Amino acid sequence: MYDPKSVEEKWQAHWAENGTNEPDLDAAPSPFFNLMMFPYPSAEGLHVGNLYAFTGADFHGRFQRLRGRDVFEPIGFDAFGIHSENYALKVDVHPMDLIPRSIANFTRQLKRSGIMFDWSHTVDTTNPDYYRWTQWIFLQLYRAGLAVKKEAPVNWCPSCKTVLANEQVEDGKCERCGTEVGQRFLSQWFFRITEYVERLLKNLDWIDWSPSTLTAQRNWIGRSEGALLRFRLAGEREESLDVFTTRPDTIFGATFMVLAPEHPLVEELTSEDRRDEVETYRAAAADVDLVERRKTDDRKKTGVFTGGFAVNPATGEDIPVWIADYVLMEYGTGAIMAVPGHDQRDFEFARQFGLEILPVVAPAEVVDDASDPSTVILQLGDEAFVEHTEGERLINSGKFSGLPATEGAARIVEWLGERGLGEPKVNYRLHDWCISRQRYWGAPIPILYCDTCGTVPVPEEDLPVVLPHLEQFKPGDDGIAPLAKDESFYRATCPSCGGEARRETDVSDTFLDSTWYFLRYPSTDFDDRAIDPSRTDRWLPVDMYIGGEEHAVLHLLYSRFITMVLHDLGHVPFEEPYVRFRKHGLIIRDGAKMSKTKGNVVNPDEFIDRYGADTIRTYLMFLGPYQEGGDFRDSGIVGPQRFLSRVSDAIAAAVEAGATGFPDAVVERAVHQTISQVTEDFASLSFNTAIAALMELLNTLRAGGRVPTLDEIRPLVIMLGPIAPHLAEELWETLGGEPSLFDHASWPAFDPAKLTTDSVEIAVQVNGKLRATISLERGASEEAARAAALADEGVQRHMGNASIRKTIYVPDRLLNLVVG
RNA sequence: GCGAAAGUGGCGGAAUCGGUAGACGCGCCAGCCUUAGGAGCUGGUGGCCCGAGGGCCGUGGGGGUUCGAGUCCCCCCUUUCGCACCA
């Protein structure tokens with residue numbers, strides 16, 4: 001009788017006592033770094049989504065282990081950040097007390113779930129032993145000129161009293177508390193990730209990642225090719241307005257310009273009579289957050305005329321300069337040349353304010369019909385003409401009229417370039433990464449400000465800058481960081497001149513903590529260095545990284561960036577941290593997302609108590625394709641439960657009978673076929689079909705009440721290892737194997753010669769419809785197949801008197817007779 | 001709006017170099033076993049028709065290519081997930 005509780009406790013104890021899951025990090029001959037995204041240890045405990053993610057990754061890790069690799073499968077806790085801080089405020093427990101409790105609870109839950117973690121190499125990002133090195137990384141970037149302080153518009157949540165990243169704002173509201181978000185300008189630390197943008201993009205061509213994740217990163221980076229064009233201000237002024245455009249071919253149609261309300265030249269351009277209106281508009285725009293500004297849904301275009309003019313460098317004409325909030329300061333140059341004929345937004349704006357619309361590109365047919373392309377008139381309906389294809393031609397564009405648009409773009413840029421008015425330019429959507437947070441629960445940024453010496457980095461030997469235990473850590477509504485209120489923290493001595501200095505009181509973004517945790521895992525034994533070179537050589541880069549797609553753009557991009565920087569600075573010998581990445585899907589329950597409000601959250605403890613970890617593991621991976629997610633239904637869990645119980649019974653019966661060898665050719669073939677398929681499925685993370693194949697094999701082994709021989713069933717036990725490791729260990733021991741299975745068994749091999757039979761069933765179709773199946777010798781000739789088919793009564797009936805016009809024969813599969 | 005993926009029995013899902021649709025599991029039905037069982041075992045289970053030999057229909061909808069389409073092409077519908085005034 002299968003009793004999961006005792007079996008699981010027994011083997012968990014065995015693994016812990018024998019260090020089964022702790023590879024020799026200095027000497028393992030075949031290292032395999034199996035990484036999964038470390039969790040944020042929420043106070044609610046392990047979510048079944050975490051368990052799903054880890055279990056799939058563990059299937060893969062155990063599979064590699066059984067195939068002879070020395071698998072290092074560490075885990076840690078990403079415990080800094082707004083989540084924890086807000087929760088701590090809510091329940092009124094200090095995060096320094098709350099987090100250790102949550103971690104202890106997570107650890108307890110993870111240890112009973114059968115995952116092959118090496119508990120001797122964990123990380124906790126809130127531990128000074130860890131964040132000391134996070135601060136060290138900041139200093140490396142600072143020295144390399146990649147960490148800079150600059151003033152920037154930021155999203156500001158008036159409730160959380162903090163700056164939010166764009167991705168923390170949803171529908172203009174704070175992702176956490178739902179408060180409307182506004183804008184503020186603050187001086188903050190930025191990492192210059194844009195310096196690395198080309199490499200970050202280019203390497204996407206060769207790293208082996210889930211395609212959708214690659215696409216997400218490419219889109220996030222948002223590379224677009226175009227030109228930077230210079231518009232002089234009209235009149236006697238010196239200044240000029242730079243714009244980025246992907247359509248320099250349309251410059252003759254630029255009939256006005258639009259600046260972002262925050263653009264620095266607005267002041268200069270605004271005429272006295274327009275000043276009040278401009279100021280009112282700018283003030284209103286500042287009240288709207290950066291994300292709200294981007295909402296497209298039928299928001300009417302708004303804007304005001306500055307009273308100023310610029311000169312279109314192509315036509316030489318003065319064109320009016322407006323400001324409008326549909327132009328974003330953080331993209332391009334914060335200013336656009338408006339071409340209402342060929343941009344839908346500009347078109348709408350022009351309509352709204354009665355500005356001139358001048359089409360300068362037309363479909364080839366329109367131009368071909370005209371004698372002089374420079375005077376062609378393209379009639380526009382309610383939309384701009386925005387197609388951009390090879391066939392279209394320039395019109396109304398001076399000497400460039402008649403040229404294909406693409407060629408025209410290049411020629412125009414060249415022409416403007418000769419006069420210093422333009423150049424080709426690549427623009428990116430990606431921005432520098434603001435890492436400052438005006439919060440408490442994060443790693444302090446290791447910087448000092450000294451009146452004499454200016455900005456001074458904390459010397460490496462003085463790290464860590466320890467986060468003090470602040471009783472009052474709630475952020476203030478003045479934007480002053482909590483640490484700025486703790487004098488004993490911020491008062492310091494300047495390491496350079498010995499005078500008085502003030503510490504930076506912002507803490508760093510949680511995403512910084514997680515950029516390098518995987519680098520730390522193999523090196524947690526060392527407290528005098530972040531990353532041990534020899535351990536790193538042996539274990540990194542990561543062989544397989546599995547995680548959720550929600551981190552496709554932020555964590556994974558930042559982590560790649562930091563790794564590249566560390567590579568350039570000589571700290572690691574590779575520039576891509578994750579050679580292979582696979583996303584896993586999301587698990588839902590009864591067709592709906594799990595959420596506390598719906599009350600449909602699966603509590604892993606409850607299910608493990610009731611069914612055992614092995615059954616939960618099997619069920620989680622059986623309920624759908626791992627990379628696509630699946631639907632957790634309570635009724636379905638009994639399938640895997642019965643399966644494991646039957647395996648257990650079958651082993652007991654086999655041991656009692658004691659038969660060996662492969663007396664039955666059909667069964668022997670099934671064993672080989674299953675090994676072949678399961679091996680393939682495991683390699684491609686198709687765990688659901690691997691489990692199905694093992695179920696099928698078990699059904700074959702005990703079909704009609706037969707008792708399998710020991711040799712027939714042994715491979716099944718080994719293949720069960722990654723799926724139900726506790727039970728597999730137990731059964732392996734029952735079969736006389738030396739524990740642990742993971743040390744002493746190796747993945748079964750199959751004999752290709754034993755996969756097939758001498759005779760095959762082939763389908764016989766008449767005019768494409770299945771009419772019979774016939775048994776043939778493998779590799780039978782078409783003639784033989786046709787003869788056999790024609791002898792079949794059913795086939796004869798369907799052919800009637802008709803004659804065969806054509807025969808399609810797929811050897812060993814199908815014969816199609818086309819008659820008529 | 002743009003991008004990506006997906007729509008298959010009562011349900012979760014198999015099968016996509018075009019070649020016997022529905023593996024495996026849940027549920028359901030029948031039988032066995034049992035004092036009993038929310039246990040176990042055996043068999044059955046896409047729909048419709050039937051003369052019991054079979055026949056017809058069937059992978060979101062419509063068209064197409066092909067000897068043959070869940071799979072490829074075109075149009076449409078729906079769902080999920082990204083990104084969203086990106087110049």
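All chains are named by letter (A, B, ...) in the order of the sequence lines, taking the proteins before the strands, and each is independently numbered beginning at 1. Computation of the quantities below employed the complete heavy-atom set of this structure, encompassing side-chain atoms and omitting hydrogens, waters and symmetry-equivalent molecules. Because the structure is a prediction, the values reported are computed rather than measured.
- Going from atom CZ of R702(A) over to atom P of G43(B) covers 10 Å, rounded to whole Å.
- Residues G624(A) and N219(A) each lie close to RNA chain B; by heavy-atom proximity, the contact nearer the 5' end of the strand is made by N219(A).
- Comparing the same atom, C1', in G46(B) and in G58(B) gives a spacing of 8 Å after rounding to whole Å.
- Each of G332(A) and A763(A) was assigned the nucleotide of RNA chain B with the nearest heavy atom; the assignment lying further toward the 5' end belongs to A763(A).
- Within 4.0 Å (heavy atoms only), R345(A) reaches at least one base atom of the nucleic acid.
- For V197(A) against L430(A), the heavy-atom pair with the smallest separation is CG2-CD2, 3.9 Å.
- A salt bridge links R247(A) and D249(A); the closest N-O separation between the charged side-chain nitrogens and carboxylate oxygens is under 4.0 Å.
- F607(A) and F632(A) have their aromatic ring centers within a separation under 6.0 angstrom.
- U20(B) atom C1' lies 16 Å from atom CD1 of I808(A), rounded to whole Å.
- Closest approach of P708(A) and A654(A) over heavy atoms only: O-CB, 3.2 Å.
- A distance of about 41 Å separates the P atoms of C56(B) and A4(B), rounded to the whole Å.
- Residue P211(A) is out of contact with every strand shown, counting any heavy-atom pair closer than 4.0 Å.
- Rounded to a whole Å, the CD1 atom of I587(A) is 11 Å from the C1' atom of G12(B).
- Helical stems in RNA chain B, defined as runs of 3 or more consecutive Watson-Crick or G-U wobble pairs with donor-acceptor distances under 3.5 Å: B:1-7 with B:77-83, B:10-12 with B:24-26, B:27-32 with B:40-45, B:46-49 with B:54-57, B:60-64 with B:72-76.
- Looking at residues two or more places apart in sequence or on another chain, you find a salt bridge (Lys or Arg N to Asp or Glu O under 4.0 Å) between R223(A) and E198(A), E225(A).
- Closest approach to the R610(A) side chain among A14(B), C67(B), G38(B) is made by G38(B) (side chain taken as heavy atoms from C-beta onward).
- Heavy atoms of R218(A) sit nowhere under 4.0 angstrom from any nucleic acid atom.
- The distance from atom NZ of K425(A) to atom C1' of C86(B) is 14 Å, rounded to the nearest whole Å.
- Going from the C1' atom of A15(B) to that of U71(B) covers 10 Å, rounded to whole Å.
- Contacts of L623(A) with the nucleic acid, taken as non-hydrogen atoms under 4.0 Å apart, involve only primed sugar atoms and P, OP1 or OP2.
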Treat primed atoms plus P, OP1 and OP2 as sugar-phosphate and everything else as base, then score nucleotides 21-30 of chain B 5' to 3': B for base contact with protein heavy atoms under 4.0 Å, S for sugar-phosphate contact only, - for none.
-> --BBSSS---
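- Residues passing the salt bridge (Lys or Arg N to Asp or Glu O under 4.0 Å) test with R669(A): none are found, sequence neighbours excluded.
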Might you work through the ring pair (Phe, Tyr, Trp, His ring centres under 6.0 Å) test for F256(A) and F353(A), ending with a clear yes or no?
-> CA-CA 11 Å; F256(A) 60 100; F353(A) 295 105; 9.0 Å; no
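- Glycosidic conformation, G9(B): syn, with the torsion inside 90° of 0.
- As rounded to whole Å, 18 Å separates atom P of G19(B) from atom NZ of K769(A).
- Among the atoms of the strands shown, only primed sugar atoms or phosphate atoms (P, OP1, OP2) are found under 4.0 Å from some heavy atom of R771(A).
- At the phosphate of C11(B), neither OP1 nor OP2 sits under 4.0 Å from any side-chain N or O atom of R633(A).
- Side-chain atoms of S686(A) do not come within 3.5 Å of backbone N or O of T689(A) as any donor-acceptor pair.
- For V327(A), the listed nucleotide lying nearest its side chain is A87(B); candidates were U20(B), A87(B), A14(B).
- As rounded to the nearest Å, A39(B) and A30(B) have P atoms that lie 16 Å from one another.
- For U20(B) and G68(B), the P atoms lie 15 Å apart once the distance is rounded to whole Å.
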Considering only nitrogen or oxygen atoms on both sides, find all protein atoms under 3.5 Å from nucleotides 48-54 of chain B and state each distance.
none

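- Within the nucleic acid shown, E549(A) has no heavy atom closer than 4.0 Å to any nucleic acid atom.
- On the C1' atoms, G47(B) is 13 Å away from G10(B), given to the nearest whole Å.
- Here the P atom of nucleotide A4(B) and the NZ atom of K583(A) are 14 Å apart, to the nearest Å.
- What you find for L241(A) and A310(A) is that their closest heavy atoms are CD1-CB, 4.5 Å.
- Distance CG (L586(A)) to P (C81(B)): 9 Å, rounded to an integer number of Å.
- Using a 4.0 Å cut-off between a side-chain N of Lys or Arg and a carboxylate O of Asp or Glu, K301(A) and D346(A) do not qualify as a salt bridge.
- R702(A) has no carboxylate O lying under 4.0 Å from a charged side-chain N of D649(A), or vice versa, which leaves the two without a salt bridge.
- Between L776(A) atom CG and U20(B) atom P there is a gap of 16 Å when expressed in whole angstrom units.
- With W209(A) as the aromatic partner, R582(A) does not meet the cation-pi criteria of under 6.0 angstrom to the ring centre and within 45 degrees of the ring axis.
- Scanning for ring-ring contact (aromatic ring centres under 6.0 Å, His included) contacts around F687(A) gives F59(A), Y626(A), F682(A), with sequence neighbours left out.
- Base engagement by N816(A) is indicated by at least one non-hydrogen atom pair under 4.0 Å involving a base atom.
- Classification of the Y326(A)-F349(A) ring pair by plane angle, with boundaries at 30° and 60°, yields tilted.
- Between the P atoms of A21(B) and G12(B), the separation comes to 23 Å (whole Å).
- Rounded to a whole angstrom, the distance from the P atom of U79(B) to that of C74(B) is 22 Å.
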